[in-house]
Amino acid sequence: MIKKIFLALGIFIMLIIASLFILPVIFKDNIVQLVKDSANENLNASVNFGDFDLSLIRSFPDFSFSISDVSVAGIGEFEGDTLVAIGNLSFTVDLMSVINGDEIGIKTVLIDKLNAKAIVLKDGKANWDIAKETAEETEKEDTTATDTSAAPFKMKLKKFEIKNTNIVYDDRQGGMFAEIKDLNFTLSGDFTQDFTALKTKTSIAAITFAMDGINYLTKAKVEINADLDADLVNSKYTFKENEFIINQ
């Protein structure tokens, strides 16, 4: 009798382990298609991405997600301009928070090899204004009632990191140009607490800023190390001893 119990328990455990490998594979294609369809329906842009990985094994008991070669390219006046390109986007999520559904416990977020180019034309049109207006949004604009029944969306972030990032802001209407090359940024802290100590580290290999034809910064190197105490309940942040360096 005891042997049968252990045998049944062993089979049950094996089925659970097998499901951890199989379930992400089964639903992978459906999720990919859902994301693509949603992007095409809601954005005035061309959205593409490469490999998509969904796993419960790599970070068990957390749920891991990663997607590579994400790109959002403009259409119409911005044809050929890439608004955003990401080499790899990955994050880990508390599996139980997904199952419970009342809040999403995102623990880590990593964005690697991000390239972004924001453009404002002389007529004021911006290349990031790509969201399509829906009938539902139009209807909401015509009414003053506010729906407060939806539960708030929460994230329990513990670490956020951006690596190898390049950003360009080209405002042709306002005569402003800014470029950031090789930005690396990390933010860590326990956002599950009311009070937490946040640690940030930022490095930029070269930053350029010009306005009305005058260059205020030209390929300047920047480093920032900033720690602060955060009162997340009241949104109050107290800076500690920090370091800010431009060139030397």
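Hydrogens, waters and symmetry mates are skipped; everything else that's a heavy atom, side chains included, is used.
- With sequence neighbours left out, Gln173 forms a side chain to side chain contact (heavy atoms under 4.5 Å, CB included) with Val120, Asp171.
- In this structure, the side chains of Met211 and Tyr216 come closer than 4.5 Å at one or more pairs of heavy atoms.
- Note: Leu114 CG to Lys163 NZ = 13.5 Å, rounded to the nearest 0.5 Å.
- In this structure Lys125 satisfies the side chain to side chain donor-acceptor pair (under 3.5 Å) test together with Glu77, sequence neighbours excluded.
- The minimum heavy-atom distance linking Asp190 with Lys158 is given by the pair OD1-CE, 3.8 Å.
- Counting only distance, with no hydrogens or angles, the side chain of Asp129 and the backbone of Asn127 share no donor-acceptor pair below 3.5 Å.
- A search for side chain to side chain donor-acceptor pair (under 3.5 Å) contacts involving Asn115 returns Asn166, not counting sequence neighbours.
- Between Val70 and Ser68, the closest side-chain pair of non-hydrogen atoms is not below 4.5 Å.
- Taking CD from Glu243 and NZ from Lys201, the interatomic distance works out to 9.5 Å, rounded to the nearest 0.5 Å.
- A 4.5 Å side-chain heavy-atom check between Lys221 and Ile246 finds every atom pair outside the cut-off.
- Looking at Asn215, its side chain never comes within 3.5 Å of a backbone N or O of Ala210 through a donor-acceptor pair.
- Partners of Asp112 under the side chain to side chain donor-acceptor pair (under 3.5 Å) rule, at least two apart in sequence or in another chain, are Asn164.
- Ion pairing between a basic and an acidic side chain is recognised when a charged N comes within 4.0 Å of a carboxylate O; Lys240 and Asp229 show such pairing.
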Exercise for the section: Give the intermediate values and the outcome of side-chain contact (heavy atoms from CB on, under 4.5 Å) for residues Leu198 and Leu187. Expected result: CA-CA 7 Å; Leu198 300 180; Leu187 166 66; 4.2 Å; yes

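- With sequence neighbours left out, Asp81 forms a salt bridge (Lys or Arg N to Asp or Glu O under 4.0 Å) with no residue at all.
- Hydrophobic cluster of Phe177: the remaining members, joined at side-chain heavy-atom separations below 4.5 Å, are Val168, listed by chain and number.
- In this structure, CG in Leu228 is found 13.5 Å from CD in Glu241, a value given to the nearest 0.5 Å.
- The backbone N or O of Ala226 sits less than 3.5 Å from a side-chain atom of Thr200, completing a donor-acceptor pair.
- Proximity of Met176 to Tyr169: side-chain heavy atoms (C-beta onward) are separated by under 4.5 Å at one or more points.
- Within the hydrophobic cluster formed by Ile, Leu, Val, Met, Phe, Trp and Tyr side chains joined at under 4.5 Å, directly or through other members, Ile245 stands alone, with no partner residue.
- No donor-acceptor pair under 3.5 Å is formed between the side chain of Thr165 and the backbone N or O of Asp182.
- In plain terms, the two heavy atoms of Lys219 and Asn247 that are nearest each other are O-OD1, 4.5 Å.
- One finds the CD1 atom of Ile180 at 5.0 Å from the CD1 atom of Ile167 (value rounded to the nearest 0.5 Å).
- In this view, Phe78 satisfies the ring-ring contact (aromatic ring centres under 6.0 Å, His included) rule with no residue, not counting sequence neighbours.
- Partners of Asp227 by side chain to side chain donor-acceptor pair (under 3.5 Å), not counting sequence neighbours: none found.
- Both Phe185 and Ile86 are members of a single hydrophobic cluster when ILVMFWY side chains are connected at heavy-atom separations under 4.5 Å.
- Using modelled atom types and a 3.5 Å distance limit, the side chains of Thr108 and Thr92 yield a donor-acceptor pair.
- Taking Lys181 as the reference, nothing meets the salt bridge (Lys or Arg N to Asp or Glu O under 4.0 Å) condition, with sequence neighbours excluded.
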Handout entry: Derivation and outcome, side-chain contact (heavy atoms from CB on, under 4.5 Å), residues Ser66 and Asn88
Key = CA-CA 7 Å; Ser66 68; Asn88 181 265; 4.2 Å; yes

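- Partners of Leu217 by side chain to side chain contact (heavy atoms under 4.5 Å, CB included), not counting sequence neighbours, listed by chain and number: Ile207, Phe209, Ala220.
- Cluster annotation: Ile162 and Leu110 are assigned to distinct hydrophobic clusters (Ile/Leu/Val/Met/Phe/Trp/Tyr, side-chain heavy-atom contacts under 4.5 Å, transitive).
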Please tabulate, for side-chain N and O atoms in residues 230-238, each donor-acceptor pair with protein atoms closer than 3.5 Å (sequence neighbours left out).
unit_1 : atom_1 : unit_2 : atom_2 : d
Asp231 : OD1    : Val233 : N      : 3.3
Asp231 : OD1    : Asn234 : N      : 3.3
Asp231 : OD2    : Asn234 : ND2    : 2.9

